[in-house]
Amino acid sequence: MSAVRLARACLAASRRPLPLARPLHTTAARSSDALFVHRDTPYNNPQIPFEFNAENLKRAQEIISHYPTQYKKAATIPLLDLGQRQNKGWTSISVMNYVAKLLDIPPMRVYEVATFYTMFNREPIGQHFVQVCTTTPCMLRGSTEILNTVCSHLGGIHPGDTTKDGKFTVVEVECQGACSNAPMFVVGDDFYEDLTPESSKKILDAFASGKKPKPGPQSGRQTSENSAGLTALTSKPPGPGEFCAEEFR
């Protein structure tokens, strides 16, 4: 290309309109309700001693024995759960350090697990830990009303708060795996399903008075039966070997 033609091409290119700038979209920053970087406090610091009691130490050793010696770190989750249960429902820095020492692994490996899984509570909780599911199936069945009922009935607290008497902590969680029995919440290790605002209040009142209400569906149905009644297994199932050939009976 000659110098003249090159100059003309450059001049033509310079006269073309510049493309419109692509707009930049941003999302508003929202702070998490959990702090994942440890900060020493009077109730949570490495100087507070923790170790398994005799019963839990025996259980921990039994859990560790399930894994090859070089893979003891695989027991991190069950040991943290065991420590959390002994430590009144929450996992302190001392619990993490103790588990790391017991498994002979760097403490950071335990911190990574404890901050990743929401099953580990990083702050103290109340005597009764109420986890209200608000994911889609529960939401469609009225979980918002259940959550509002629980919070208002416990003195107007908000999700993440603990009542002043220390009896209840309420949190909002994702799917607990009981979608067919929505709406539901978990108290401790027990599922309470097919909830209404009225049944939710009765359950909370029972716990507040020191009783333990019967877990499961609160509507009267058994497990996850269809609301119209049984549609399968309506007759007596065949017994063992009933349809086997004679030589196999």
**Q** Please step through side chain to side chain contact (heavy atoms under 4.5 Å, CB included) for the pair V171 and V130, ending with a clear verdict.
**A** CA-CA 6 Å; V171 295; V130 184; over 6 Å; no
**Q** Ignoring hydrogens and angles, tell me if any N or O in the side chain of Y192 forms a donor-acceptor pair with the backbone of P213 under 3.5 Å.
**A**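 Yes, the answer is positive, given that a donor and an acceptor are paired below the 3.5 Å cut-off.
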**Q** Grab the two heavy atoms, one from N181 and one from P217, that are nearest each other, plus how far apart they are.
**A**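 That would be ND2-CG, 3.5 Å.
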**Q** Are I64 and F50 connected into the same hydrophobic cluster when the rule is that any two of I, L, V, M, F, W, Y join if their side-chain heavy atoms are below 4.5 Å apart?
**A**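 Same cluster.
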**Q** Here's a test for you: under side chain to side chain contact (heavy atoms under 4.5 Å, CB included), which of V99, I105, V113 qualifies with K73?
**A**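 Answer after filtering V99, I105, V113: I105.
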**Q** Does the side chain of L79 reach to within under 4.5 Å of the side chain of I63, using non-hydrogen atoms?
**A**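 In contact.
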**Q** Atom OG in S94, atom CD in Q47: separation rounded to 0.5 Å?
**A**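 It is 8.0 Å, given to the nearest 0.5 Å.
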**Q** Between Y111 and N97, is any pair of side-chain heavy atoms under 4.5 Å apart?
**A**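 In short, these two side chains touch, coming nearer than 4.5 Å.
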**Q** Between F120 and L102, is there a shared hydrophobic cluster once you connect ILVMFWY residues whose side-chain heavy atoms come closer than 4.5 Å?
**A**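 Cluster IDs for F120 and L102 match.
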**Q** Measure the CD1-CD distance between I125 and Q127 for me, rounded to the nearest 0.5 Å.
**A**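 Taking CD1 in I125 and CD in Q127, the distance rounds to 10.5 Å.
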**Q** Report yes or no: does T169 contribute a side-chain atom to a donor-acceptor pair with the main-chain N or O of G126 at less than 3.5 Å?
**A**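 A pair under 3.5 Å: yes.
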**Q** Any salt bridge linking K72 with D104? Criterion: basic side-chain nitrogen under 4.0 Å from a carboxylate oxygen.
**A**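 Here K72 does not pair with D104 in a salt bridge, since their nearest N and O are not under 4.0 Å apart.
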**Q** State plainly whether one hydrophobic cluster holds both V132 and F191, where clusters connect Ile, Leu, Val, Met, Phe, Trp and Tyr through side-chain heavy atoms under 4.5 angstrom apart.
**A**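 Cluster IDs for V132 and F191 differ.
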**Q** Tell me whether the count of non-hydrogen atoms from other residues, nucleotides or ligands lying under 6.0 Å of CD in E55 goes above 12.
**A**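 Counting neighbours around CD of E55, 12 or fewer heavy atoms of other residues, nucleotides or ligands fall under 6.0 Å, so no.
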**Q** Would you say the side-chain atoms of K167 pair up with the backbone N or O of A208, donor to acceptor, closer than 3.5 Å?
**A**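 Such a contact is found between K167 side chain and A208 backbone.
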**Q** Please determine if K214 and D190 form a salt bridge, counting it only when a charged side-chain N lies under 4.0 Å from a carboxylate O.
**A**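 Salt bridge absent between K214 and D190.
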**Q** Are the side chain of N87 and the backbone N or O of V95 linked by a donor-acceptor pair below 3.5 Å?
**A**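 A pair under 3.5 Å: no.
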**Q** Indicate yes or no: at least one non-hydrogen side-chain atom of T196 is less than 4.5 angstrom from one of Q218.
**A**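 No. Closest side-chain heavy atoms not under 4.5 Å.
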**Q** Hey, are the side chains of D205 and K211 touching, using non-hydrogen atoms and a 4.5 Å cut-off?
**A**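 Sidechains of K211 and D205: no contact.
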**Q** Under a 3.5 Å distance rule, please check whether Q131 uses its side chain to pair with a backbone N or O of E174 as donor and acceptor.
**A**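 A pair under 3.5 Å: no.
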**Q** Do F129 and F168 have side-chain heavy atoms sitting under 4.5 Å apart?
**A**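 The answer is no; the side chains never approach within 4.5 Å.
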**Q** Counting C-beta onward and ignoring hydrogens, is there a side-chain heavy-atom pair between P124 and W90 closer than 4.5 Å?
**A**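 With C-beta onward as the side chain, the pair touches.
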**Q** Is it the case that atom CD in E112 sees more than 12 heavy atoms from other parts of the structure closer than 6.0 Å?
**A**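 Correct, the count exceeds 12.
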**Q** Tell me whether R59 is salt-bridged to E62, with the criterion being a basic N under 4.0 Å from an acidic carboxylate O.
**A**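 Looking at E62 together with R59, the answer is yes, because their closest N to O distance falls below 4.0 Å.
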**Q** Looking only at heavy atoms, which two atoms of V37 and R122 are closest? And how far apart?
**A**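 Where V37 meets R122 most closely, the heavy atoms are C-NH2, 4.5 Å.
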**Q** Could you see if M96 belongs to whatever hydrophobic cluster contains Y98? Use Ile, Leu, Val, Met, Phe, Trp, Tyr and a side-chain cutoff under 4.5 Å.
**A**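 Hydrophobic grouping puts M96 with Y98.
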**Q** Let me see the working for D81 and Y117 under side-chain hydrogen bond (donor to acceptor under 3.5 Å, both in side chains), right down to the final yes or no.
**A** CA-CA 11 Å; D81 179 67; Y117 291 99; over 6 Å; no
**Q** Under a 4.5 Å cut-off applied to non-hydrogen side-chain atoms, are L82 and F52 in contact?
**A**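 When only atoms from C-beta onward are counted, F52 and L82 do touch, with a gap below 4.5 Å.
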**Q** Using modelled atom types only, decide if a donor and an acceptor are shared between the side chain of S199 and the backbone of L195 within a distance under 3.5 Å.
**A**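 Not a single qualifying donor-acceptor pair exists.
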**Q** Given 3.5 Å as the limit, does a donor-acceptor pair link the side chain of T76 with the main chain of V110, or not?
**A**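 Checking the backbone N and O of V110 against the side chain of T76, no donor-acceptor pair under 3.5 Å is found.
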**Q** OG1 of T163 to NE2 of H128: how many Å apart, nearest 0.5 Å?
**A**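 Atom-to-atom, T163:OG1 and H128:NE2 are 9.0 Å apart.
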**Q** Does atom CZ (R141) have a neighbourhood of more than 12 heavy atoms from anything else shown, all under 6.0 Å?
**A**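 Atom CZ in R141 is not packed in, count stays at 12 or less.
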**Q** Go through the steps to decide whether T134 and M139 satisfy the test side chain to side chain contact (heavy atoms under 4.5 Å, CB included), and finish with yes or no.
**A** CA-CA 5 Å; T134 58; M139 181 192 67; 5.7 Å; no
**Q** Can a donor-acceptor pair be found, under 3.5 Å and without considering hydrogens, that links the side chain of D161 to the backbone of I157?
**A**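 Checked: no pair found.
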**Q** How far does CZ of R85 sit from OG1 of T91, to the nearest 0.5 angstrom?
**A**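 Taking CZ in R85 and OG1 in T91, the distance rounds to 10.5 Å.
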**Q** In the single-linkage hydrophobic clustering (I, L, V, M, F, W, Y; side-chain heavy atoms under 4.5 Å), do L57 and I77 co-cluster?
**A**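 Looking at the clustering, I77 is in the same group as L57.
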**Q** Please say whether more than 12 non-hydrogen atoms of neighbouring residues, nucleotides or ligands are located less than 6.0 Å from CG in N226.
**A**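 Counting other residues, nucleotides and ligands, CG of N226 exceeds 12 neighbours.
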**Q** Would V150 and L204 count as a side chain to side chain contact (heavy atoms under 4.5 Å, CB included) here? Give the steps.
**A** CA-CA 8 Å; V150 170; L204 297 175; 4.0 Å; yes
**Q** On a heavy-atom basis, which atom in C138 and which in P183 lie closest, and how many Å separate them?
**A**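 Minimum heavy-atom separation between C138 and P183: SG-CA, 3.9 Å.
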**Q** Just how far is it from atom CD of E172 to atom OG of S143, taken to the nearest 0.5 Å?
**A**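 That separation rounds to 7.5 Å.
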**Q** Decide whether N56 and Q86 meet the rule of one side-chain donor and one side-chain acceptor closer than 3.5 Å.
**A**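 Distance-only check passes for N56 and Q86.
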**Q** Could you check whether any side-chain N or O of S200 sits under 3.5 Å from a backbone N or O of I146, counting only pairs where one atom can act as donor and the other as acceptor?
**A**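 Here the side-chain-to-backbone pair does not exist.
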**Q** I'd like to know if the side chain of Q176 and the backbone of V186 have a donor-acceptor N/O pair within less than 3.5 Å.
**A**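 No, because the side chain of Q176 does not come within donor-acceptor range (under 3.5 Å) of the backbone of V186.
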**Q** Just by distance, with hydrogens left out, do N45 and H38 show a side-chain donor and acceptor under 3.5 Å apart?
**A**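 There is no such pair between these side chains.
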**Q** CD/E193 to OG/S180 distance, rounded to the nearest 0.5 angstrom?
**A**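 OG of S180 is found 7.5 Å from CD of E193.
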**Q** Is there side-chain contact between C151 and P159, with at least one heavy-atom pair below 4.5 Å?
**A**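 With C-beta onward as the side chain, the pair touches.
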